[in-house]
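Structure, as structure tokens:
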Amino acid sequence: QVQLVESGGGLVQAGGSLRLSCAVSGRTFSRDSMGWFRQRPGMEREFVAASHWIGGTTTYADSVKGRFTISRDNAKNTLFLQMNSLKPEDTAVYYCAACRAVTFPTTPRGLDYWGQGTQVTVSS
């Protein structure tokens, strides 16, 4: 059984940093594309960042570009999201996801696996 478990969320002041982790079990994800979505209160789930299997490239939403960094440790089957210069509008539940594809989609459809989410709250 494949499981994705996020951790690292919490409460932080604006301008602060958090590092989210997503531990994968039940599957070797070195050939998967993985990424992060978030869901803010009252809004649809939105794309944040992706780590594509092909070429090891990354993609970011414009709203987080330059502040967030996605990385992965294939040996530890873990995906990370380093979040710096956090803003109150980054407050959301953050989900990691994986798909058996060469690229990670920027819409929530077509993803094979999801984590349960971790809450990030940024106070002003």
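Source: prediction; values computed, not measured.
- Within the model, atoms CH2 of Trp53 and SG of Cys99 stand 12.0 Å from one another, a figure rounded to the nearest 0.5 Å.
- The shortest side-chain heavy-atom distance between Met83 and Val120 falls under the 4.5 Å cut-off.
- Between Leu111 and Arg109, the closest side-chain pair of non-hydrogen atoms is not below 4.5 Å.
- In summary, of the residues considered (Asp32, Thr59, Thr103), a side-chain hydrogen bond (donor to acceptor under 3.5 Å, both in side chains) with His52 occurs for Thr59 alone.
- Side-chain rings of Trp114 and Phe37 approach one another, their centers coming within less than 6.0 Å.
- How far CD of Gln82 is from CG of Asn84: 4.5 Å, rounded to the nearest 0.5 Å.
- Taking all atoms of both residues into account, the shortest heavy-atom contact from Pro88 to Ser124 is CG-CB, 3.8 Å.
- With values rounded to the nearest 0.5 angstrom, Tyr113 atom OH is found 10.5 Å from Gln1 atom CD.
- The CG atom of Leu79 lies 5.5 Å from the CH2 atom of Trp36; values are rounded to the nearest 0.5 Å.
- By the rule that hydrophobic residues join a cluster once side-chain heavy atoms approach within less than 4.5 Å of another member, Val12 and Val48 end up as members of one cluster.
- Looking only at distances, a side-chain donor or acceptor of Thr91 sits under 3.5 Å from a matching main-chain atom of Val122.
- A cation-pi contact, defined as under 6.0 Å to the ring centre and within 45° of the axis, links Arg45 to Tyr95.
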Set out, in order, the CA-CA distance, both residues' side-chain angles and the distance that settles side-chain hydrogen bond (donor to acceptor under 3.5 Å, both in side chains) for Arg67 and Tyr60, then state yes or no. CA-CA 10 Å; Arg67 300 187 298 122; Tyr60 297 92; over 6 Å; no

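- Ring geometry for Phe47 against Phe104 counts as tilted: the plane angle lies between 30° and 60°, on a 0 to 90° scale.
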With side-chain contact (heavy atoms from CB on, under 4.5 Å) as the criterion, how do Leu86 and Phe68 come out once you've worked through the C-alpha distance, each side chain's angles and the decisive distance to 0.1 Å? CA-CA 9 Å; Leu86 282 161; Phe68 291 11; 3.8 Å; yes

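- Judged by a 6.0 Å distance limit and a 45° cone about the ring axis, Arg72 is positioned over the six-membered ring of Phe29.
- Glu6 has its side chain out of reach of Tyr94: every pair of non-hydrogen atoms, C-beta onward, lies at least 4.5 Å apart.
- The CE atom of Met34 sits 11.0 Å away from atom CG of Asp112, with the distance rounded to the nearest 0.5 Å.
- No side-chain heavy atom of Arg27 sits less than 4.5 Å from a side-chain heavy atom of Gln3.
- Residues Ser63 and Arg38 are in side-chain contact: their nearest non-hydrogen atoms beyond the backbone lie under 4.5 Å apart.
- The OG atom of Ser25 sits 7.5 Å away from the CG atom of Leu4 when rounded to the nearest 0.5 Å.
- Under the 4.5 Å side-chain criterion, counting only non-hydrogen atoms from C-beta, Thr78 is in contact with Phe80.
- The pair Lys87-Asp90 fails the salt-bridge criterion, with no side-chain N (NZ, NE, NH1 or NH2) lying under 4.0 Å from an Asp/Glu carboxylate O.
- With a 6.0 Å radius and a threshold of 12 heavy atoms from other residues, nucleotides or ligands, Arg40 has its CZ atom above the threshold.
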